[in-house]
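Only one structure is covered here, and it is reproduced in the block below.
We name chains A, B, ... by the order of the sequence lines, and we start the count at 1 in each one. Please read these numbers as outputs of a predicted model, since none were measured by experiment.
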2 protein chains.
Amino acid sequence: MDQVEIFKALSNKTRLQILNWLKSPAEYFPEQPNADFENVGVCVGQIQNKAGLSQSTISEYLSILQRADLVCATRVGQWTYYKRNHEGIEKLSKIINTEL
Amino acid sequence: MDQVEIFKALSNKTRLQILNWLKSPAEYFPEQPNADFENVGVCVGQIQNKAGLSQSTISEYLSILQRADLVCATRVGQWTYYKRNHEGIEKLSKIINTEL
DNA sequence: TTGGTATATCGGGAAAAGTCGATATACATT
DNA sequence: AATGTATATCGACTTTTCCCGATATACCAA
């Protein structure tokens, strides 16, 4: 993953918020039936409700974050759950400390 | 400084390169008369030569980096020297590790 | 003061990102 | 099979970013 693409992914207020919300799903989202926040993450619809942007926009934002390895997705039935990608975030931290 | 603006400043290959070149000026730039790399940094013209983009573009890029507190400028005579802003970069590192 | 050099700012055209509504796809239920 | 729900993708429009050349500003030297 190109460093530029990672920083572009982070260059948007809503995407930064999403990343932050996903740090403490239970704090920011109402409970989800049949899906554990810690396990799979939060589904697109919940994130969309919270962000207040259109469904298509949020879906695209999540895939931008995913391409940057900042979140990862799990499909379960008709839902896609997103959670933080700790490896990718850790890698970014290393980039900042060594390559920047 | 808004986090988004910091990440925007980093969302460009040339700007990332500049930041990297400024880590080891002696390695990337020819010697400068009357100005110590460590002290004041590297002047705009040298950065422009190395980057191969227009003077106006580089001048703007440097001010974008400056607004994000990633570099700082010192004017000496007709030259403006830019160097890394260690405080700002350190602050970014903290943001990544705590707020992201 | 005139001219020369270094940098900054301005105005603009092309490319990319932000964002939407509409549509497609995938899955579940009846 | 038909309908309903969740998400992804598409097409379009607006705003922002990229990058340039031209011009302005600041400083220096003769």
(message) Here's a test of your reading of the structure: between A:Cys43 and B:Gly77, which maps to the more 5' nucleotide of DNA chain D?
(response) A:Cys43
(message) Between B:Leu92 and B:Leu10, does the side chain to side chain contact (heavy atoms under 4.5 Å, CB included) criterion hold? Intermediate values first, please.
(response) CA-CA 11 Å; B:Leu92 168 62; B:Leu10 296 170; 3.7 Å; yes
(request) Report the distance from atom NZ of B:Lys8 to atom C1' of C:dA16, rounded to the nearest whole Å. (result) 13 Å
(message) I want to check something: taking the side chain as every heavy atom from C-beta on, are A:Arg75 and A:Trp79 in contact at a cut-off of under 4.5 Å?
(response) no
(request) Check whether more than 12 heavy atoms from other residues, nucleotides or ligands sit under 6.0 Å from atom NZ of B:Lys13, and answer yes or no. (result) no
(request) Among D:dC19, C:dG21, C:dT7, find the nucleotide with the atom closest to the side chain of B:Asn12. (result) D:dC19
(request) Figure out the CD1/C1' separation between A:Ile18 and C:dG18, and round it to whole Å. (result) 13 Å
(request) Ignoring the backbone of B:Tyr82, work out which of D:dT7, D:dC19, C:dA8 is nearest its side chain. (result) C:dA8
(message) In this structure, how many angstroms lie between the P atom of D:dG21 and the CD1 atom of B:Ile58, rounded?
(response) 13 Å
(request) Check every atom of C:dG18, C:dT7, D:dT7 against the side chain of A:Ile64 and return the nucleotide holding the closest atom. (result) C:dG18
(message) Under a 3.5 Å cutoff, is there a donor and acceptor pairing between the side chains of B:Thr57 and B:Ser54?
(response) yes
(request) Give B:Ser11 one of three labels, base, sugar-phosphate or nothing, depending on what nucleic acid heavy atoms sit under 4.0 Å from its own. (result) sugar-phosphate
(message) Measure CD/B:Gln48 against C1'/C:dT9 and give the value in whole Å, please.
(response) 15 Å
(request) Please state how far atom CZ in B:Arg75 lies from atom C1' in C:dT9, giving the value in whole angstrom units. (result) 13 Å
(message) Below the 4.0 Å mark, does D:dA8 have OP1 or OP2 next to a side-chain nitrogen or oxygen of A:Thr80?
(response) yes
(request) Kindly indicate whether the side chain of B:Ser24, heavy atoms from C-beta on, has any atom under 4.5 Å from the side chain of B:Tyr28. (result) yes
(request) Provide, to the nearest angstrom, the distance between the CD atom belonging to B:Gln55 and the P atom belonging to D:dC19. (result) 15 Å
(request) Look at the side chain of A:Glu60 and the base of D:dA8, then say whether one donor and one acceptor between them are separated by less than 3.5 Å. (result) no
(request) Measure from the side chain of B:Thr57, starting at C-beta and using heavy atoms only, and say which of C:dA8, D:dT7, D:dC20 lies closest. (result) D:dC20
(message) By nearest atom, which of the nucleotides D:dA22, D:dA6, D:dC19 is closest to the A:Gln78 side chain?
(response) D:dA6
(request) May I ask you to evaluate whether A:Arg15 reaches the phosphate of C:dG18, defined as a side-chain N or O under 4.0 Å from OP1 or OP2? (result) yes
(message) Could you tell me how far apart A:Tyr81 (OH) and D:dT5 (C1') are, to the nearest whole angstrom?
(response) 12 Å
(message) I need the CG-P distance between A:Leu10 and C:dA17, as an integer number of Å.
(response) 14 Å
(request) Compare the minimum distances between each of D:dA8, D:dC20, D:dT7 and the side chain of B:Ser54, then state the nucleotide with the smallest one. (result) D:dC20
(message) Let's see if you can work this out: which of D:dA8, C:dA6, D:dT16 has an atom nearest to the side-chain heavy atoms of B:Trp79?
(response) C:dA6
